[in-house]
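Here the structure is laid out as structure tokens; the discussion comes afterwards.
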Amino acid sequence: MRLISFDVFRTLGFPDTRSLKPEHFFRHRPELTGADWVLFPEYWQLNALVYGMGCRIFPSEASYRIGHNKIEMTRAFQAVAPEHIPVTHILANTPENADRLWEDMPTPFVAKQAKSSMGEGVWLIEDRDQWREYLQRVDTLYVQEWLPIDRDIRVVVVGDQVLTAYWRLQSGYSFHNNVARGGSVDYSPVPEAATRLALRVARQLGVDHAGFDIAMVGEHPYLFEFNRLFGNQGIPGGGERLREAILGYLNRQSRSGDDPSRPPEPVAA
């Protein structure tokens with residue numbers, strides 16, 4: 001396969017791969033249109049690469065578009081797995097909506113920014129002062145019920161399979177479970193319901209490179225979000241195993257002649 005990468009660090013060790021700087025990509029139109037796959041472009045490159053040059057990109061366009069904004073991601077989740085989404089309200093940030101949500105949401109509850117990662121832009125709202133502070137930070141109100149958990153599950157989906165799944169434990173000084181925010185990894189067995197949910201949602205939405213965050217309340221999985229560019233700290237085998245999974249998937253897709261720019265076929269629930 002002829003591969004072009006716009007992220008040298010995520011494609012270290014990939015064979016037959018040429019690395020380019022995103023800001024120079026128009027200088028390399030012939031190489032890009034002749035490549036079998038274009039790997040890890042920047043979000044702002046998508047329209048030119050996919051629609052202008054007809055490139056096959058990895059991660060998939062759906063991984064980029066849906067993963068770019070948590071609000072739009074939640075709406076996509078509500079379309080395919082509504083029973084697995086915490087109670088969520090998404091409203092314009094107006095005084096009327098702010099007052100209504102404060103009256104309606106049991107405290108504590110979770111408030112988020114639309115674009116953030118690694119646990120940033122997520123707050124536990126316990127009092128009115130914290131709510132007022134949140135209102136100053138956002139244009140759109142995005143709140144969810146707080147779930148009584150001290151851990152969640154990271155399910156890593158690469159291509160058409162679950163690569164790994166593990167627990168993420170809270171640090172003890174924060175309600176965040178992210179390893180980047182002080183959380184720890186536990187490789188105790190993960191419920192099949194969580195991995196099954198992540199894989200089903202990924203296939204239905206056409207997402208092929210994602211770390212899904214899922215909480216278990218009793219035996220019921222709740223889907224929070226996915227990160228398109230997830231860390232590999234918790235993946236046994238780390239970057240090498242991830243590289244093998246990506247290359248295997250790209251080879252299978254190339255042989256099948258699948259066109260990732262097409263919307264995915266509907267998948268039965």
When every non-hydrogen atom of D127 is compared with those of W102, the smallest separation belongs to C-CH2, 3.3 Å

Y43: what forms a ring-ring contact (aromatic ring centres under 6.0 Å, His included) with it, not counting sequence neighbours?
H68

Nearest heavy-atom neighbours spanning P86 and F224
CG-CE2, 3.8 Å

Identify the heavy atoms of N93 and L135 that sit nearest to each other, and give their distance.
ND2-O, 2.9 Å

Would you please say whether a donor-acceptor pair under 3.5 Å links the side chains of E61 and Y51?
yes

Pair S254-W37, side-chain donor/acceptor within less than 3.5 Å
yes

Just checking, is any N or O donor in the side chain of D7 or S5 under 3.5 Å from an acceptor N or O on the other one?
no

In this structure, is the centre-to-centre distance between the rings of F230 and H209 below 6.0 Å?
yes

With sequence neighbours excluded, what pairs up with E133 under the side chain to side chain contact (heavy atoms under 4.5 Å, CB included) test?
R137

Could you tell me whether E103 and R100 make a salt bridge, using a distance below 4.0 angstrom between a side-chain N and a carboxylate O?
no

Restricting to side-chain hydrogen bond (donor to acceptor under 3.5 Å, both in side chains), what partner residues turn up for R132, sequence neighbours left out?
D129

Ignoring hydrogens and geometry, is there a side-chain-to-backbone donor-acceptor pair from Q130 to E126 under 3.5 Å?
yes

In short, E145 meets M105 closest at the heavy-atom pair N-CE, 3.7 Å

Under a 3.5 Å distance rule, please check whether R241 uses its side chain to pair with a backbone N or O of L163 as donor and acceptor.
yes

In terms of relative ring orientation, are Y222 and H220 parallel, tilted or perpendicular, with 30° and 60° separating the classes?
perpendicular

Would the F25 and W44 ring centres measure less than 6.0 Å apart?
yes

Decide side-chain contact (heavy atoms from CB on, under 4.5 Å) for V157 and F212; before the verdict, give the C-alpha distance in whole Å, the side-chain angles of both, and the deciding distance to 0.1 Å.
CA-CA 8 Å; V157 173; F212 284 87; 4.0 Å; yes

Under 4.0 Å between a Lys/Arg side-chain N and an Asp/Glu carboxylate O for D213 and R151?
no

Using distance alone, with no hydrogens and no angle criterion, decide if T88 and Q144 have a side-chain donor and acceptor under 3.5 Å apart.
yes

